[in-house]
Amino acid sequence: MLIAFEGTDGSGLSTQSKLLAEWLESKGYTVYLTKEPTTGEIGKLIRRVLRKEIEVSDATLALLFAADRVEHTKIIVERIEKGEIVISDRYRLSSYAYQSLTLDLEWVVMINRYSITPDLTFVIETPPEVSLERIKQRNNGIELFEELEKLEKISRNFRKVAEGNVVFIDGNRSIEEVFGEVRDKILI
Ligand SMILES: Nc1ncnc2c1ncn2[C@@H]1O[C@H](COP(=O)(O)OP(=O)(O)OP(=O)(O)O)[C@@H](O)[C@H]1O
Ligand SMILES: Cc1cn([C@H]2C[C@H](O)[C@@H](COP(=O)(O)O)O2)c(=O)[nH]c1=O
């Protein structure tokens with residue numbers, strides 16, 4: 001089974017992904033918690049772009065995310081075939097929502113054709129002004145997409161690109177309240 005967490009920067013994806021992994025493990029499940037961009041070589045290159053250390057075209061960045069995802073999906077499928085529950089902190093819906101900011105959505109979907117559809121996707125919806133305040137508290141710099149106007153458009157994009165079994169969760173509450181709703185949607 002693949003469960004994905006999606007949403008704009010600072011919405012609480014990593015926090016909720018970790019909480020769900022811990023909860024499922026406490027129930028005796030074997031969980032593989034993973035993230036995109038990955039920590040692989042392509043993911044590392046993407047991270048340099050996000051930190052604005054290097055500049056590439058929007059199309060190149062989309063292709064990098066798609067390439068990272070091809071390699072990541074091979075690992076995800078292997079884990080699923082071993083009976084593990086895979087939780088991915090971001091997956092292809094992030095590409096659909098973020099890269100369609102400036103690129104043709106149909107092309108973004110096409111270059112991600114070698115990915116898979118998650119069994120369940122949580123989209124954490126947190127007002128971008130709240131997310132940006134959380135990001136500032138972390139004090140580790142502002143990345144490529146972490147701008148109010150961009151995040152407002154991306155947040156709307158998630159509603160447009162949602163596919164398959166998608167649950168939208170209000171992220172503008174306590175961590176515990178958000179996780180309570182996430183946990184209640186898990187039917188295994
Ligand atoms: N519901 C919440 N209320 C208040 N603070 C939160 C909440 N969820 C997460 N945070 C805090 O906000 C910051 C960002 O959380 P987190 O890393 O989970 O977000 P994220 O969506 O993964 O962000 P990014 O995509 O930028 O990595 C962290 O410091 C986290 O502790
Ligand atoms: C997978 C993926 C991510 N992004 C963007 C979203 C964020 O701005 C960064 C990194 O994500 P993190 O959760 O802050 O570590 O990359 C994207 O534009 N397209 C994607 O496919």
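What you see is a predicted model; the values in this text were computed from it and never measured. In each ligand, atom 1 is the first atom listed, and ligand 1 is the first ligand listed.
Numbered from 1 in the order shown, with element, the atoms of ligand 1 that lie under 4.0 Å from a heavy atom of Gly171 read 1 (N). Residue-ligand proximity, Lys35 to ligand 2, at heavy-atom distances under 4.0 Å covers atoms 12 (P), 13 (O), 15 (O). Ligand-side atoms of ligand 1 in range of Thr15: 9 (C), 15 (O), 16 (P), 18 (O), 30 (C), range being under 4.0 angstrom from any heavy atom. Short contacts between ligand 1 and Ser11, defined as distances under 4.0 Å to a heavy atom of the residue, involve ligand atoms 21 (O). Listed by number with element, the atoms of ligand 1 under 4.0 angstrom from any heavy atom of Arg173 are 1 (N), 2 (C), 3 (N). Near Arg47, with a cut-off below 4.0 Å to any heavy atom, the atoms of ligand 2 are 10 (C), 15 (O). Close approach of ligand 1 to Ile175 (heavy-atom distance below 4.0 Å) involves ligand atoms 1 (N), 2 (C), 7 (C), 8 (N).
Annotation: Lys153, atom NZ; neighbour count of heavy atoms from other residues, nucleotides and ligands within 6.0 Å does not exceed 12. For Glu129, the CD atom sits in a packed shell: over 12 heavy atoms of surrounding residues, nucleotides or ligands are nearer than 6.0 Å. Within a 6.0 Å sphere centred on NZ of Lys185, heavy atoms belonging to other residues, nucleotides or ligands number 12 at most.
Of the protein's non-hydrogen atoms, the one nearest atom 22 (O) of ligand 1 is Ser14 OG, 2.8 Å. Given atom 18 (O) of ligand 2, the protein heavy atom at minimum distance is Gln99 NE2, 2.9 Å. Looking from atom 19 (O) of ligand 1 to the surrounding protein, the closest heavy atom is Gly12 N, 3.3 Å. The nearest heavy-atom contact from the protein to atom 11 (O) of ligand 2 is Arg90 NE, 3.2 Å. In this structure, atom 23 (O) of ligand 1 lies nearest to the protein heavy atom Gly10 N, 2.9 Å. Nearest to atom 8 (O) of ligand 2 among the protein's heavy atoms is Asp9 OD2, 2.7 Å. When only non-hydrogen protein atoms are considered, atom 11 (C) of ligand 1 lies nearest to Arg134 CD, 4.3 Å. Looking only at protein heavy atoms, the nearest one to atom 4 (N) of ligand 2 is Phe65 CZ, 3.4 Å. With hydrogens left out, the protein atom closest to atom 14 (C) of ligand 1 is Arg138 NH1, 3.8 Å, a heavy atom. Annotation: atom 25 (O) of ligand 1 to nearest protein heavy atom, Arg90 NH2, 3.2 Å.
Geometrically, Arg69 engages Tyr91 in a cation-pi contact defined by less than 6.0 Å to the ring centre and at most 45° from the axis.
Proximity of Arg69 to ligand 2, defined as any heavy-atom pair under 4.0 Å, is confined to the side chain (atoms from C-beta onward). The proximity of Ser131 to ligand 1, defined as any non-hydrogen pair under 4.0 Å, does not occur for either the backbone or the side chain.
The closest approach between a heavy atom of Leu50 and any atom of ligand 2 is below 4.0 Å. Every heavy atom of Glu143 sits 4.0 Å or more from the atoms of ligand 1.
Judged by distance alone, the side chain of Asp89 and the main-chain N or O of Lys35 form no donor-acceptor pair under 3.5 Å.
Within the 4.5 Å cutoff, the side chain of Leu148 has heavy atoms near those of the Glu152 side chain. Considering only heavy atoms from C-beta on, Ile42 stays 4.5 Å or farther from Phe65 through its side chain. The shortest distance between side-chain heavy atoms of Ile54 and Leu45 falls below 4.5 Å.
In terms of polar-atom proximity, defined here as any N/O pair under 3.5 Å, Asp89 makes no such contact with ligand 2. Geometrically, ligand 2 and Ser95 share a nitrogen or oxygen pair separated by less than 3.5 Å. Residue Leu13 places at least one N or O, backbone or side chain, under 3.5 Å from an N or O of ligand 1.
Note: the hydrophobic cluster containing Val109 does not contain Ile116 (ILVMFWY, side chain heavy atoms under 4.5 Å, direct or indirect links).
A salt bridge links Glu53 with Arg48; the closest basic N to acidic carboxylate O contact falls under 4.0 Å.
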